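Here the structure is a predicted model, which means the values were calculated and not measured. Numbering of ligands and ligand atoms starts at 1, following listing order.
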Amino acid sequence: MSYFHSDILILGSGVAGLTTAILTAKALPNKKIFIVTKAEKSESNTKYAQGGIAAVWDKLDSFEDHINDTIVAGDFINDPEVVKMVIEDAPDCMKQLIEWGADFDHNNKGDFDLGKEGGHSTHRILHHKDITGFEIEKTLLEQVNSLQNISLLPFHFAIDLITDHHIKNKFVSEDDINCYGAYILNEKTNKIETFLAAKTVLATGGTGQVYASTTNPKVATGDGVAMAYRAKAKLDEMEFVQFHPTALFEPGESPAFLISEAVRGFGAFLRNKEGKRFMLDVDKRAELAPRDIVARAIDNELNISGERNVYLDCTHLDYDAFINHFPNINDKCLSKGIDIRRDFIPVIPASHYLCGGVSVNKKGQSSIDNLFACGECSRTGLHGANRLASNSLLEALVYAKNIAQEIIDQKSSLKPVDKDIPEWDEEGTIIPEELVLISHNKKTVQNIMSDLVAIVRTDDRLKMALDHLNYIYQDTEKLYLKSKLSPQLCELRNLNAIAYLIVIQSLVRKENKGAFYNLDNL
Ligand code: SIN
């Protein structure tokens with residue numbers, strides 16, 4: 001019998017999962033916490049975040065301005081109470097991260113060197129060079145390693161949440177579902193283990209890999225959102241997929257290398273093939289308009305010109321200052337033969353962030369009892385229809401704090417699960433021989449999404465996407481029912497579910513907002 005018991009089970013090891021674990025572990029030293037993650041300990045969207053974390057530090061800045069920028073970028077459908085809470089909590093969360101050892105860049109006066117990105121009315125982004133996510137992930141892993149009551153298990157793939165649906169002969173009412181943990185595939189033994197916990201936290205990150213071109217790492221396959229969907233949790237705003245305007249143009253490369261928005265904040269210009277700064281005609285904020293506007297302008301530029309990319313011009317910038325701030329981006333460009341002193345950087349938009357996801361309240365609670373969601377897999381109401389740059393790590397930090405507080409407040413309910421939960425039933429399944437079917441279907445889902453459900457949508461394209469996805473769904477389910485499960489097969493199933501949810505919610509939305517743009521709604 002492979003049952004594993006803990007008080008808290010956290011799925012995912014990015015900023016959301018690690019911060020939740022650290023705060024609960026410190027406050028409840030006698031409680032046991034498992035963090036499971038499907039790859040290496042540090043592999044997450046967090047690790048690749050370049051830009052930074054937005055927070056009000058400067059005397060000339062104010063909460064009101066950060067709140068206003070967030071709501072303008074979100075096209076006014078953000079939840080105003082959530083925006084206020086997150087932005088007002090930001091400085092304290094940052095102070096804690098700094099106390100734990102995170103190092104953010106300073107200027108020569110000894111103040112934080114605050115960056116600026118699209119949609120921000122002032123400089124307010126704390127960063128560590130152009131590898132802020134790496135610095136944060138490293139800091140959090142050091143904290144986790146120092147805490148005896150946390151076990152971090154790499155190469156453990158969460159397959160499904162365990163809910164009342166798994167209890168034999170139990171009638172389940174749709175608005176009274178409990179979560180008891182998750183079935184997890186141990187990738188070293190290939191056994192599916194039953195992890196039972198009083199509280200489960202989804203911190204599984206993003207869904208970018210549902211598109212052929214994305215800035216997200218290979219692990220960003222929307223596993224948490226798909227599991228929550230199968231468990232019948234409430235999900236919202238899946239149609240708001242944010243495309244980052246400036247991924248390095250390298251056809252076929254996945255993930256696409258990100259040229260941080262902070263580079264435009266540093267003064268870089270976007271130009272078309274003729275060398276024209278086309279953003280000047282689109283928005284008075286030009287290159288620093290919110291991402292949805294810039295990404296759509298590039299898409300339009302490419303449609304008109306028939307070109308495959310536009311350019312980022314850094315040739316007028318102070319090179320020494322540039323390499324000090326963006327050493328990683330400079331190295332990457334040099335490795336591709338691009339010398340930013342002379343050459344323009346070829347860029348295109350790529351899928352970057354899901355603003356929607358598992359609906360949660362201000363305490364991070366989902367519609368399923370004892371199930372929380374934190375970070376990109378959640379939909380809190382902070383981002384509205386389009387996330388403001390560098391607000392995502394911030395959201396994860398604030399909600400991790402709130403979830404930890406809620407679990408601490410409920411500590412008397414941290415009791416072992418006493419339900420009769422069956423083990424995963426693998427009877428009659430076989431090891432699939434045709435792995436090519438899985439990789440073919442994955443690529444097909446990604447291409448359908450990139451071709452038909454990208455920056456600009458139409459009803460016809462969405463309906464066509466739905467038909468194609470339905471075919472892949474049937475095929476994948478057949479394989480799923482007869483096969484021994486592998487991470488590849490589960491990821492395909494999850495990506496298909498995410499694609500379906502994006503398409504369905506896109507068809508339902510009849511008003512264009514933020515990152516969502518359907519020509520039939522004009
Ligand atoms: C970037 O560095 O451009 C990405 C930052 C973000 O997604 O907020």
Undergrad: Nearest to atom 2 (O) of ligand 1, what protein heavy atom do you find, and at what distance?
TA: Ser260 OG, 2.7 Å
Undergrad: Any salt bridge (Lys or Arg N to Asp or Glu O under 4.0 Å) involving residues 110-123? Give me the pairs, sequence neighbours left out, ordered by first then second residue.
TA: Glu117-Arg291
Undergrad: Do the non-hydrogen side-chain atoms of Leu522 and Tyr517 ever get within less than 4.5 Å of each other?
TA: yes
Undergrad: So, is Asn391 polar-close to ligand 1, with some N/O to N/O distance under 3.5 Å?
TA: no
Undergrad: Check if Gln242 has a non-hydrogen atom at a distance under 4.0 Å from any atom of ligand 1.
TA: no
Undergrad: If we only count N/O pairs under 3.5 Å, is His244 in contact with ligand 1?
TA: yes
Undergrad: What protein heavy atom is closest to atom 4 (C) of ligand 1, reported as residue, atom name and distance in Å?
TA: Arg291 NH2, 3.5 Å
Undergrad: Using a 4.0 Å heavy-atom cut-off, which part of Thr246 comes near ligand 1: side chain, backbone, both, or neither?
TA: neither
Undergrad: Is it true that Phe104 and His127 have ring centroids separated by less than 6.0 Å?
TA: no
Undergrad: Distance under 4.0 Å to a non-hydrogen atom of Ala389: what atoms of ligand 1 satisfy this?
TA: 8 (O)
Undergrad: Side chains of Ile340 and Tyr319: closer than 4.5 Å at any heavy-atom pair?
TA: yes
Undergrad: What about Leu258: any of its N or O atoms under 3.5 Å from an N or O on ligand 1?
TA: no
Undergrad: What are the atoms of ligand 1, with element, lying closer than 4.0 Å to any heavy atom of Glu261?
TA: 1 (C), 2 (O), 3 (O)
Undergrad: Measuring only between side-chain heavy atoms, which start at C-beta, is Phe240 closer than 4.5 Å to Arg509?
TA: yes
Undergrad: Under the rule for side chain to side chain donor-acceptor pair (under 3.5 Å), what residues qualify as partners of Glu307, not counting sequence neighbours?
TA: none
Undergrad: Could you list which atoms of ligand 1 come closer than 4.0 Å to a heavy atom of His352?
TA: 4 (C), 6 (C), 7 (O)
Undergrad: Taking atom NZ of Lys26 as the centre, report whether more than 12 heavy atoms of other residues, nucleotides or ligands fall under 6.0 Å from it.
TA: yes
